[in-house]
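Written below as structure tokens is the structure these notes are about.
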2 protein chains.
Amino acid sequence: MAHIPAAERRDALVQAALRVVAEGGVGAATTRAIAAEAGMPLASFHYVFDSRDDLMAHLVTFVVGQEEAAILPEPIVGSDLQEVISAGLWRYADLLRADPLREQAMLELTHYALRSADMADLARRQYEHYFSLAASALTSAATHLGLVWDRPVDEVARILVALTDGMTISWLVDRDDAALSDIISFAAESVARFARTPERAHRDEDDVTRTT
Amino acid sequence: MAHIPAAERRDALVQAALRVVAEGGVGAATTRAIAAEAGMPLASFHYVFDSRDDLMAHLVTFVVGQEEAAILPEPIVGSDLQEVISAGLWRYADLLRADPLREQAMLELTHYALRSADMADLARRQYEHYFSLAASALTSAATHLGLVWDRPVDEVARILVALTDGMTISWLVDRDDAALSDIISFAAESVARFARTPERAHRDEDDVTRTT
DNA sequence: TGGCGACTGGGTCATTTGACCCACTTCCTG
DNA sequence: CAGGAAGTGGGTCAAATGACCCAGTCGCCA
């Protein structure tokens, strides 16, 4: 392990930390375990990071970027908004099923960040990031299909993120693929109801309760 | 601290543990911290519990019961299903806002349980509990209003739980009450759509796409 | 190409932590 | 009311952990 630039070690350590957290949870992410996972001596850790918390803060920042990279390149498929949303959620679901521990680690890191005053802001930014990601996806989907959103797109985005978190936890707990499918169907159908064609916008606003 | 029956100490320690987890997260729940919170010597801890994990397992079981006690006595209010669901979710939301750290602790405990092979089953049971809780609430609400569920009530219950988890995380991160309100409205409206009056069941199934 | 600063890695150190021991006290039962 | 079981609490121990040191090595730039 001869003379690797500090910047590279930073990255290597952060990625090793993510693997360790995924494998054994935040509690298992000791400085030694992380350094060992990265295959470098403990001293390199403290040469590059001030402390364990310093590394954890960088880790949270890192995973946000990862999430973005994995979700964003989302080609719009399907001619129906419900289909488009469903496809997007399935893309995430596949990611979740391919590497459950990684997504679990993500959630745990959010909780971890919320605990310390410094990092709480980091968690907030993490979710603002998710919201804006969802918002831009929803906007482009609607635009693509010539639709407009009934409610502010930020509001819809937030709901979509909440649905995603909920289905993630649910699936992590019991790994029930059928239930996952149900939730995705529900989410796609329910969220799609918030979009209309501009011409007849707000016409049949609430047709279920219409009694005339 | 003179001669208290072991059973009482068990309860006291479990409750102290919950306070410690709520305050500082699972990582802060050391045997010493818990014993100190309960105001008893460390030895009492090991007299009553085999190990820290033993206590944690009991803690998870305990919080499930707590959740049930807090949510179940839910009088049905409102003449509209959407209203009833909304009221139920607001009851939970008020609980969340009254003691955010407690709900955060709950989520963290779920993640913690999922990490160990023994406790993973405990987490599963915890969620099955939530599901059946939601299912019975949904069933009695529908019965009360003379409605029937379009989809299996277990499926709807699961979706409701996922929505609850999602909105919990979302609110814990940014404490945005307006957003919480939005999500509850969405959830109530969307979930209520799954119920119909038995007579005209399935009639206006998908009126949004109806073009005639 | 020589030197200096960046980087390495084997160790150390004080704390914290889970586990547990054992002599002592208290309460209940027979 | 005597005796033993149940309960108490001060103390100990080994292991793990975060932090860090420093002598030595490496590579880049003047």
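Predicted model only: the values in this text are computed from it and were never measured.
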| note | Sorted by chain and residue number, the side chain to side chain donor-acceptor pair (under 3.5 Å) partners of R10(B) (sequence neighbours excluded) come out as H58(B)
Whole angstrom is fine here: how far is it from [atom1] in [X] over to [atom2] in [N]?
{"X": "M40(A)", "N": "dC26(D)", "atom1": "CE", "atom2": "C1'", "value": "17 Å"}
{"X": "R9(B)", "N": "dT26(C)", "atom1": "CZ", "atom2": "C1'", "value": "12 Å"}
{"X": "Y47(A)", "N": "dA19(D)", "atom1": "OH", "atom2": "C1'", "value": "17 Å"}
{"X": "F45(A)", "N": "dG9(C)", "atom1": "CZ", "atom2": "P", "value": "16 Å"}
{"X": "L13(A)", "N": "dC7(C)", "atom1": "CG", "atom2": "C1'", "value": "13 Å"}
{"X": "L55(A)", "N": "dA19(D)", "atom1": "CG", "atom2": "C1'", "value": "14 Å"}
{"X": "I4(A)", "N": "dC26(D)", "atom1": "CD1", "atom2": "P", "value": "14 Å"}
{"X": "E8(A)", "N": "dT8(C)", "atom1": "CD", "atom2": "P", "value": "10 Å"}

| Does a side chain donor of either Y112(B) or D53(B) reach within less than 3.5 Å of an acceptor in the other side chain? | yes
| said: Assess, by modelled atom type and distance only, whether the side chains of Y130(A) and T164(A) contain a donor and an acceptor separated by less than 3.5 Å. | reply: no
| message | Given L138(B), which partner from the list L133(B), V153(B), D154(B) fulfils the side-chain contact (heavy atoms from CB on, under 4.5 Å) test? | response | V153(B)
| query | Of L109(B), V14(B), D11(B), which is the lone residue that meets side-chain contact (heavy atoms from CB on, under 4.5 Å) with F62(B)? | reply | V14(B)
| task | Check the surroundings of atom CD in E23(A): do more than 12 heavy atoms from other residues, nucleotides or ligands lie under 6.0 Å from it? | result | no
Give me, pair by pair, the N or O atoms of the protein and of nucleotides 11-18 of chain C that are less than 3.5 Å apart, along with how far apart they are.
| from | atom 1 | to | atom 2 | distance (Å) |
| --- | --- | --- | --- | --- |
| dG18(C) | OP1 | R52(B) | NE | 3.1 |
| dG18(C) | OP2 | T31(B) | N | 2.8 |
| dG18(C) | OP2 | T31(B) | OG1 | 2.9 |
| dG18(C) | N7 | R32(B) | NH2 | 2.3 |
| dG18(C) | O6 | R32(B) | NH2 | 2.5 |

| said: If you only use heavy atoms from C-beta on, which nucleotide in dG9(D), dC7(C), dT8(C) is closest to the side chain of S44(A)? | reply: dT8(C)
